[in-house]
Amino acid sequence: MHRLAVLGFLIAACGPSIPPRYVIEENLGAFEYRRYQEVIDVEFPIEGNPAAGHTATYLKRAREGEELRVSTAFVTVYERGASLAAEVRDALEGLGTYEVAVRKVEGEWMWVLEGGEIPWVLWVSGRHLIKLGGSPVFENEADSDHYGIPEDLLEAYTDQFPSDLDERGQAREGTDSYGPSRQEAEESEELDIPSSLREGAPA
């Protein structure tokens with residue numbers, strides 16, 4: 001019995017394991033799991049860091065007088081986690097369609113894409129980029145408290161993939177995705193070069 005108790009404690013201490021296909025393929029609260037799809041062309045490609053995407057769709061059946069609710073989860077899995085948060089942050093800053101804000105959602109810091117028709121939240125966890133989307137927010141809906149994304153989805157995915165981000169939208173030191181982006185590294189190198197030797201400096 002003692003050995004079994006120790007084994008049970010070790011299993012519990014390891015926490016939840018990442019799903020085999022990275023997305024959660026089960027019903028989450030009132031939302032029914034409907035479909036899995038693997039995506040080769042990822043949304044945020046990073047040079048020298050190959051990735052594959054995995055998506056899941058969830059539906060909430062409409063009651064009389066309500067529209068069908070659809071939520072989507074995208075999990076992009078990169079070969080390496082190092083500098084991933086900074087690379088994604090650089091890519092998000094280049095988006096013209098949305099305004100990017102850093103918000104605390106379900107106790108985790110995330111990027112929130114504001115200003116578009118469909119709400120999205122994103123965060124990095126190790127070598128994984130998680131992106132959750134919901135339906136447009138309707139008034140007086142209990143599951144629209146988190147930018148239109150169901151609380152059950154947020155809870156499930158943050159349990160599986162805790163965010164590496166801090167309140168500035170940067171990876172916390174010591175997390176797997178910590179490190180400068182390629183652009184930040186190049187800018188740092190340029191600052192280290194004496195001004196007389198920089199490109200375009202007068203001869």
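Since the structure is predicted, the reported quantities are computational estimates derived from the model, not experimental observations. By convention here, the first residue in the shown sequence is residue 1.
N49 pairs by the side-chain hydrogen bond (donor to acceptor under 3.5 Å, both in side chains) definition with nothing, not counting sequence neighbours. Taking A156 as the reference, I24, L28 meet the side chain to side chain contact (heavy atoms under 4.5 Å, CB included) condition, with sequence neighbours excluded. Taking the salt bridge (charged side-chain N to carboxylate O under 4.0 Å, His left out) definition, one finds that E32 meets it with R61, sequence neighbours left out. Every residue was checked against the side-chain hydrogen bond (donor to acceptor under 3.5 Å, both in side chains) condition with E79, not counting sequence neighbours, and none meets it. Residues satisfying the side chain to side chain contact (heavy atoms under 4.5 Å, CB included) test with V39, not counting sequence neighbours, are T55. E26 pairs by the salt bridge (charged side-chain N to carboxylate O under 4.0 Å, His left out) definition with nothing, not counting sequence neighbours. P180 pairs by the side chain to side chain contact (heavy atoms under 4.5 Å, CB included) definition with S83, E184, not counting sequence neighbours. Residues forming a side chain to side chain contact (heavy atoms under 4.5 Å, CB included) with A101 (at least two apart in sequence, or on another chain): R103, E114. By the side-chain hydrogen bond (donor to acceptor under 3.5 Å, both in side chains) test, D152 pairs with no residue at all, sequence neighbours left out. Scanning for salt bridge (charged side-chain N to carboxylate O under 4.0 Å, His left out) contacts around E25 gives R21, with sequence neighbours left out.
The two atoms that bring S177 and D164 nearest to each other are OG-OD2, 2.8 Å, heavy atoms only. Nearest heavy atom pair, residue A171 against residue L165, reads N-CD2, 4.2 Å. Looking at every heavy atom in both residues, V102 comes nearest to E167 through CG1-O, 3.4 Å. In terms of heavy atoms, E87 sits closest to I46 at CB-CD1, 3.6 Å. Heavy atoms only, all atoms of each residue included: G134 and I149 are closest at N-CG1, 3.8 Å. Contact between D166 and W109 at its shortest, heavy atoms only, is O-CB, 3.4 Å.
Between L59 atom CG and Y33 atom OH the span is 11.5 Å, to the nearest 0.5 Å. In this structure, CD on Q170 lies 11.0 Å from OG1 on T175, to the nearest 0.5 angstrom. To the nearest 0.5 angstrom, Y58 atom OH is 5.5 Å from L153 atom CG. To the nearest 0.5 Å, atoms CG (L154) and CD (E108) are separated by 10.5 Å. R34 contributes atom CZ, which lies 9.0 Å from atom CG of N27 (distance to the nearest 0.5 angstrom). S163 OG to K104 NZ: the interatomic distance, rounded to the nearest 0.5 Å, is 10.5 Å.
Put simply, the side chain of P19 reaches to within 4.5 Å of the side chain of Q160, judged on heavy atoms. Between F31 and V70 there is no side-chain heavy-atom pair separated by less than 4.5 Å.
Linking ILVMFWY side-chain heavy atoms closer than 4.5 Å, directly or via other members, places V100 and F44 in a single hydrophobic cluster. Hydrophobic clustering (side-chain heavy atoms under 4.5 Å, transitive across Ile, Leu, Val, Met, Phe, Trp, Tyr) groups L132 together with V77. A single hydrophobic cluster is not seen to contain both I18 and V42; linkage of ILVMFWY side chains at heavy-atom distances under 4.5 Å, directly or through other members, places them apart.
Annotation: salt bridge (Lys or Arg N to Asp or Glu O under 4.0 Å) contacts involving residues 35-52, sequence neighbours excluded, comprise E43-K131.
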For T158 and V105, what are the C-alpha separation, side-chain angles and deciding distance, and is it a side-chain contact (heavy atoms from CB on, under 4.5 Å)? CA-CA 10 Å; T158 52; V105 185; over 6 Å; no
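Aromatic ring orientation, H54 versus Y22: tilted (interplanar angle from 30° to 60°).
Within the 3.5 Å criterion, the main-chain N or O of S181 finds no donor-acceptor partner in the side chain of R89.
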What pairs of donor and acceptor atoms, side-chain ones from residues 120-130 against any protein atom, are under 3.5 angstrom apart with sequence neighbours left out?
from	atom 1	to	atom 2	distance (Å)
W120	NE1	Y98	OH	3.4
W123	NE1	F161	O	2.7
S125	OG	P162	O	2.7
R127	NH1	Y78	O	2.8
H128	ND1	S125	O	3.0

